[in-house]
Amino acid sequence: MNGAAQRFCLLVLAGLIVSQARAEPGDWPPEARPALGRFVGEWDTHTSIRNEGPPVREFQTEGRAVCRKTLEGGYFEFRTSSVPPGQADLQVMTYDVKTGRYQQWVFDSDGYHHEAEGRWDPATSTLTWEGHAEGNTFVIEDHWTAPNRLEWTMKRTAADGRQLQSIKGVLTRSKAR
């Protein structure tokens with residue numbers, strides 16, 4: 001891990017400690033708990049990635065994921081790995097009582113990382129995350145189509161408005177919580 005990634009990890013950990021101290025899960029409004037709780041369990045993953053290039057590149061990945069509550073239930077740790085091994089990521093999610101928004105931190109085995117804020121729409125069962133990374137913006141939509149199926153998309157956009165990447169994924173629960 002390079003120096004910049006190490007500093008980013010330390011900043012995220014410090015942020016996690018500070019936010020844990022100010023908001024216990026019991027302080028979360030009732031509507032905030034179910035959105036993140038949906039992630040808990042074991043999952044099979046399928047992802048289609050399209051990089052706009054040039055040149056345009058498209059590829060598919062398969063994998064497994066596990067999500068657990070951590071730090072006394074104040075955070076949700078979501079880990080994925082590809083099958084066969086080679087790619088992995090760690091996603092940490094929580095709810096910030098002060099801002100009324102969900103928080104997400106993502107790190108992957110290639111050194112990519114981002115921080116995002118999210119909002120839950122119970123009418124559509126969708127958790128929408130927005131953030132900035134590497135000078136670009138992104139939007140992730142986690143849409144629950146059934147209790148054991150999550151369909152998600154991610155769109156990365158350059159500062160000049162060009163679409164850089166689109167990702168579509170499906171998670172199917174393989175083992176109950």
**OP:** Going by the side chain to side chain donor-acceptor pair (under 3.5 Å) test, name the single residue among T126, T124, D121 that passes it with H143.
**Re:** T126
Original post:
Is any side-chain heavy atom of Y75 less than 4.5 Å from a side-chain heavy atom of L36?
Top reply: no
Original post:
Within a strict 4.5 Å, meaning less than it, do heavy atoms of the R64 and D44 side chains meet?
Top reply: yes
Original post:
Between D160 and R162, is there a donor-acceptor pair closer than 3.5 Å when you use the side chain of the first and the backbone of the second?
Top reply: yes
Subject >> Pairwise side-chain contact, Y102 with F76, heavy-atom cut-off 4.5 Å (strictly under) >> reply: no
Subject >> Exercise: identify the closest heavy-atom pair between G86 and S82 >> reply: N-OG, 3.3 Å
Original post:
Ignoring hydrogens and geometry, is there a side-chain-to-backbone donor-acceptor pair from T47 to G169 under 3.5 Å?
Top reply: no
**OP:** Supply the atom-to-atom distance L164 CG to K155 NZ, rounded to the nearest 0.5 angstrom.
**Re:** 12.0 Å
Original post:
Taking T157 for the side chain and T137 for the main chain, is one N or O donor matched with an acceptor at less than 3.5 Å?
Top reply: no
**OP:** If the plane angle is over 60° it's perpendicular, under 30° parallel, otherwise tilted; pick one for F39 and F78.
**Re:** perpendicular
Original post:
If two hydrophobic side chains count as joined below 4.5 Å and joins carry through other members, does M154 share a cluster with V56?
Top reply: no
**OP:** Hey, could you give me the CD1/CZ distance between I167 and R50, rounded to the nearest 0.5 Å?
**Re:** 13.0 Å
**OP:** Give a yes or no on whether a salt bridge exists between D89 and R79, defined as a side-chain N under 4.0 angstrom from a carboxylate O.
**Re:** no
Original post:
Going by atom types only, do D108 and Q87 share a side-chain donor-acceptor pair under 3.5 Å?
Top reply: no
**OP:** Report yes if the side chains of R38 and W120 come closer than 4.5 Å at any heavy-atom pair, otherwise no.
**Re:** yes
Original post:
Can you tell if the side chain of Y112 reaches within under 4.5 Å of the side chain of E134, non-hydrogen atoms only?
Top reply: yes
Original post:
Do the side chains of W105 and T94 get nearer than 4.5 Å, heavy atoms only?
Top reply: yes
**OP:** Report the C-alpha separation of S48 and Q60 in whole Å, then their side-chain angles, then the decisive distance to 0.1 Å, and conclude whether the side-chain hydrogen bond (donor to acceptor under 3.5 Å, both in side chains) test is met.
**Re:** CA-CA 5 Å; S48 300; Q60 313 275 320; 2.9 Å; yes
Original post:
Does the pair M93 and W129 meet the rule for a side chain to side chain contact (heavy atoms under 4.5 Å, CB included), with working shown?
Top reply: CA-CA 11 Å; M93 300 173 285; W129 304 96; 3.9 Å; yes
Original post:
In the single-linkage hydrophobic clustering (I, L, V, M, F, W, Y; side-chain heavy atoms under 4.5 Å), do W43 and I49 co-cluster?
Top reply: yes
Original post:
So if you build clusters from Ile, Leu, Val, Met, Phe, Trp, Tyr with side-chain heavy-atom gaps below 4.5 Å, do V40 and V66 land together?
Top reply: no
Original post:
Around H46, counting heavy atoms of other residues, nucleotides and ligands shown, do more than 12 lie under 6.0 Å from its NE2?
Top reply: yes
Original post:
For the side chain of R173 and the backbone of P147, is there at least one donor-acceptor N/O pair under 3.5 Å apart?
Top reply: yes
Subject >> Partner set under side-chain hydrogen bond (donor to acceptor under 3.5 Å, both in side chains) for Q91, not counting sequence neighbours >> reply: Q104
Original post:
In Å, rounded to the nearest 0.5 Å, how long is the span from CG of N51 to CZ of R156?
Top reply: 8.5 Å
Subject >> Single-linkage hydrophobic cluster, 4.5 Å side-chain cutoff, W144 and I140 together >> reply: yes
Subject >> side-chain contact (heavy atoms from CB on, under 4.5 Å) partners of R119, counting only residues at least two apart >> reply: R101, T128, E130
Original post:
Between atom CD of Q103 and atom CG of D96, what is the distance when rounded to the nearest 0.5 Å?
Top reply: 5.5 Å
Original post:
Is T80 reaching over with its side chain to a backbone N or O of A65, donor-acceptor style, under 3.5 angstrom?
Top reply: no
Original post:
Do you know which two heavy atoms are closest between H132 and F138, and how far apart they sit?
Top reply: N-CE2, 3.5 Å
